[in-house]
Amino acid sequence: MVDPSGNESSATYFILIGLPGLEEAQFWLAFPLCSLYFIAVLGNLTIIYIVWTEHSLHEPMYIFLCMLSGLDVLISTSSMPKMMAIFWFNSTTIQFDACLLQMFAIHSLSGMESTVLLAMAFDRYVAICHPLRHATVLTLPRVTKIGMAAVVRGVALMAPLPFFIKHLPFCRSNILSHSYCLHQDVMKLACADIRVSIIYGLIVIISAIGLDSLLISLSYLLILKTVLGLTHEAQAKAFSTCASHVCAVFIFYVPFIGLSMVHRFDKRHDSLLPVIMANTYLLVPPVLNPIVYGVKTKEIRQRILRLFHVTTHTSDP
C-alpha cells in the first residue's frame, strides 16, 4: 500500500473479496457452505467421540484417524467462521496480524495432516507386510510421539512464512482475491523482492507434501507386492482395510496439488477458479473423511449405528 506521501508502507489490514464476481450471490451460497461446515464438525467430532469411548478401538489405526479428524475440524474452523462473516455480514476486513495467524494456521495444520496420512500409510504397511511386528513397532507411546512429531514438523516448517511476510512492504493494494489468507495470495501484493518467500514455499511443498506423497506411494507399492502373494480372501481383507486411507489420501492431495497448479499457472487476478479450488481444499476433505471412514470401516460404522440407535431409543417417550 502507499501512504499519503507516496512512499511504501506496511499493511495494517487486508480486504477479503470472498467470491469474485459472485458478490450478490454470496449471501445465499453461505447457507450450503455453512451446512457443509456443520456436517464436517459433527462428523469428525463423532469419529473422535467413538474412538475415545470405545476401548477396543484404541489401536494405532483409529488413533491416527482421531488425529486426522481433529486436524480436519481445526482446518475448517480456521477459515469458515470468517468466510461466513464475509458472505452474510460483508465483514471483508481482516487485520494484518490476524491474516498472518490464519495463514500460519491453515498451512501448518495442512502440513500436520499430510504427516498423519503418512503415518497411517506406515501403519497399514506394517500391519499387512509385517503383521507379527505390528504390535511391537506401533505401540501407544510411539504413536503418541508420531502425533507430537507431526505437530512439531508442521509448526517448524511453516513458522518462517509469517516472518517473511511481516517484513515485506505493501504498496500495490490490500485486496486479497480469496475468502481467507493464503501465503501465495498475500505475497503477490508485496512491492519488494519475494524470491526468498517463493523459494522457501517451494522447499516446504517439496520437503513436506512432495516427500510425504512419495513415501505414501512407496508404502502402497510394497503393500500391493505383498497382497498379490496372498489368497483371494486375504487380498479382499487387505484391500478393504486400505480403501478408506487411499480415499483420504486422494481427498487431501488432489485438491492441494490442483490449487498449487492453479496458483502457479493461472495469471488472471480476477479468476474465480483459484478461489473455488481453495475453498474446496479446506472444506471437502473434512466433510468427506468421516463419511468415507464411516461407510468403509466396519468397526466405525457399527458404533455409529449403535450410537444413533441409543440416541433414538432414549429419546422415545
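Quick caveat: nothing in here was measured; it's all calculated off a predicted structure. Nothing fancy with the numbering, it's 1 onward along the sequence.
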Atom pairs and distances, donor-acceptor, side-chain atoms in residues 98-106, under 3.5 Å, two or more places apart:
{"from": "Gln102", "atom 1": "OE1", "to": "Cys181", "atom 2": "N", "distance (Å)": "2.9"}
{"from": "Gln102", "atom 1": "NE2", "to": "Ser78", "atom 2": "O", "distance (Å)": "3.0"}

About how many Å separate [atom2] of [Y] and [atom1] of [X], when rounded to the nearest 0.5 Å?
X: Leu65; Y: Ile300; atom1: CG; atom2: CD1; answer: 5.5 Å
X: Ser110; Y: Leu74; atom1: OG; atom2: CG; answer: 11.0 Å
X: Ile209; Y: Leu214; atom1: CD1; atom2: CG; answer: 13.0 Å
X: Ile223; Y: Cys129; atom1: CD1; atom2: SG; answer: 5.5 Å
X: Ile216; Y: Leu117; atom1: CD1; atom2: CG; answer: 5.5 Å
X: Met120; Y: Leu68; atom1: CE; atom2: CG; answer: 5.5 Å

Identified side chain to side chain contact (heavy atoms under 4.5 Å, CB included) counterpart of Ile15 within the set Thr92, Ile94, Ile86
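The option that passes is Thr92.
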Reference residue His245; test ring pair (Phe, Tyr, Trp, His ring centres under 6.0 Å); the match among Phe64, Tyr220, Tyr293, Phe239:
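Considering Phe64, Tyr220, Tyr293, Phe239, a ring pair (Phe, Tyr, Trp, His ring centres under 6.0 Å) with His245 is found only for Tyr220.
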Once salt bridge (charged side-chain N to carboxylate O under 4.0 Å, His left out) is applied, what residue pairs with a partner in [range] remain, sequence neighbours excluded?
range: residues 214-231; answer: none
range: residues 232-250; answer: none
range: residues 92-107; answer: Asp97-Lys166

Are [Y] and [X] linked, directly or through intermediate hydrophobic residues, by side-chain heavy-atom contacts shorter than 4.5 Å (ILVMFWY only)?
X: Phe163; Y: Val155; answer: no
X: Leu221; Y: Leu215; answer: no
X: Phe89; Y: Met83; answer: yes
X: Met158; Y: Ile203; answer: no
X: Leu228; Y: Val246; answer: yes

Could you go through Val204 and His183, starting from their C-alpha distance and side-chain angles, then the distance that decides it, and tell me whether this counts as side-chain contact (heavy atoms from CB on, under 4.5 Å)?
CA-CA 12 Å; Val204 169; His183 174 247; over 6 Å; no
Got a list of side-chain donor-acceptor pairs under 3.5 Å for residues 141-153, not counting sequence neighbours?
{"from": "Arg142", "atom 1": "NH1", "to": "Val137", "atom 2": "O", "distance (Å)": "2.8"}
{"from": "Thr144", "atom 1": "OG1", "to": "Leu140", "atom 2": "O", "distance (Å)": "2.9"}
{"from": "Arg153", "atom 1": "NH1", "to": "Thr115", "atom 2": "OG1", "distance (Å)": "2.8"}
{"from": "Arg153", "atom 1": "NH1", "to": "Asp212", "atom 2": "OD1", "distance (Å)": "3.1"}
{"from": "Arg153", "atom 1": "NH1", "to": "Asp212", "atom 2": "OD2", "distance (Å)": "2.8"}
{"from": "Arg153", "atom 1": "NH2", "to": "Ser207", "atom 2": "O", "distance (Å)": "3.0"}
{"from": "Arg153", "atom 1": "NH2", "to": "Asp212", "atom 2": "OD1", "distance (Å)": "3.1"}

Show me the side-chain donor-acceptor pairs of residues 31-47 shorter than 3.5 Å, one per line, residues at least two apart or across chains.
{"from": "Ser35", "atom 1": "OG", "to": "Phe31", "atom 2": "O", "distance (Å)": "2.9"}
{"from": "Tyr37", "atom 1": "OH", "to": "Thr77", "atom 2": "OG1", "distance (Å)": "2.9"}
{"from": "Asn44", "atom 1": "OD1", "to": "Ser69", "atom 2": "OG", "distance (Å)": "3.4"}
{"from": "Asn44", "atom 1": "ND2", "to": "Ala40", "atom 2": "O", "distance (Å)": "2.7"}
{"from": "Asn44", "atom 1": "ND2", "to": "Pro286", "atom 2": "O", "distance (Å)": "2.8"}
{"from": "Thr46", "atom 1": "OG1", "to": "Leu42", "atom 2": "O", "distance (Å)": "2.6"}

Any side-chain heavy atom of [X] within less than 4.5 Å of one from [Y]?
X: Phe87; Y: Phe27; value: no
X: Gln302; Y: Glu54; value: no
X: Asn279; Y: Leu19; value: yes
X: Phe96; Y: Asn174; value: no

Compare every heavy atom of [Y] with every heavy atom of [X], then report the nearest pair and how far apart it is.
X: Ser76; Y: Pro81; answer: O-CD, 4.2 Å
X: Leu182; Y: His107; answer: CD2-CE1, 3.7 Å
X: Met84; Y: Ala30; answer: SD-O, 3.6 Å
X: Leu230; Y: Gln235; answer: O-NE2, 3.2 Å
X: Cys247; Y: Val292; answer: CB-CG1, 3.7 Å
X: Leu16; Y: Ser179; answer: CD1-O, 3.8 Å

With sequence neighbours excluded, residues passing disulfide (SG to SG under 2.5 Å) with Cys242:
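Not a single residue meets the disulfide (SG to SG under 2.5 Å) criterion with Cys242.
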With sequence neighbours excluded, what pairs up with His167 under the side chain to side chain donor-acceptor pair (under 3.5 Å) test?
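With neighbours one apart ignored, the set is empty.
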Could you list the residues that satisfy side chain to side chain donor-acceptor pair (under 3.5 Å) with Ser244, not counting sequence neighbours?
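Ser244 satisfies side chain to side chain donor-acceptor pair (under 3.5 Å) with Thr297 once adjacent residues are dropped.
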Taking side-chain contact (heavy atoms from CB on, under 4.5 Å) as the test, write out the residues that go with Ser217, two or more places apart.
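Once residues adjacent in sequence are excluded, Ser217 has no partner under the side-chain contact (heavy atoms from CB on, under 4.5 Å) criterion.
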Any chance you could lay out the side-chain contact (heavy atoms from CB on, under 4.5 Å) test for Arg303 and Ser56, step after step, and finish with the verdict?
CA-CA 11 Å; Arg303 281 152 182 85; Ser56 61; 3.1 Å; yes
For Arg133, is the CZ atom crowded, meaning more than 12 foreign heavy atoms sit under 6.0 Å from it?
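No, the 6.0 Å shell around CZ holds no more than 12 heavy atoms from other groups.
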With a sphere of 6.0 Å drawn around CH2 of Trp52, does it hold more than 12 non-hydrogen atoms of other residues, nucleotides or ligands?
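Check fails, neighbour count at 12 or below.
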Can you list, pair by pair, the side-chain donor-acceptor contacts under 3.5 Å of residues 250-258, counting residues two or more places apart and other chains?
{"from": "Tyr253", "atom 1": "OH", "to": "Ser114", "atom 2": "OG", "distance (Å)": "2.7"}

Asp123 and His134: side-chain contact (heavy atoms from CB on, under 4.5 Å), yes or no, with the steps?
CA-CA 8 Å; Asp123 170 65; His134 184 261; 2.7 Å; yes
Looking at residues at least two apart in the chain, or sitting in another chain, which of them share a salt bridge (Lys or Arg N to Asp or Glu O under 4.0 Å) with Glu299?
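Counting only residues at least two positions away or on another chain, Glu299 forms no salt bridge (Lys or Arg N to Asp or Glu O under 4.0 Å).
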Please check if the side chain of His178 supplies one atom and the backbone of Ile17 the other of a donor-acceptor pair under 3.5 Å.
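The answer is no, because no donor-acceptor pair under 3.5 Å joins these two groups.
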Taking the inter-plane angle between the rings of His130 and Tyr125 on a 0 to 90° scale, is it parallel (under 30°), tilted (30 to 60°) or perpendicular (over 60°)?
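Answer is perpendicular, since the angle exceeds 60°.
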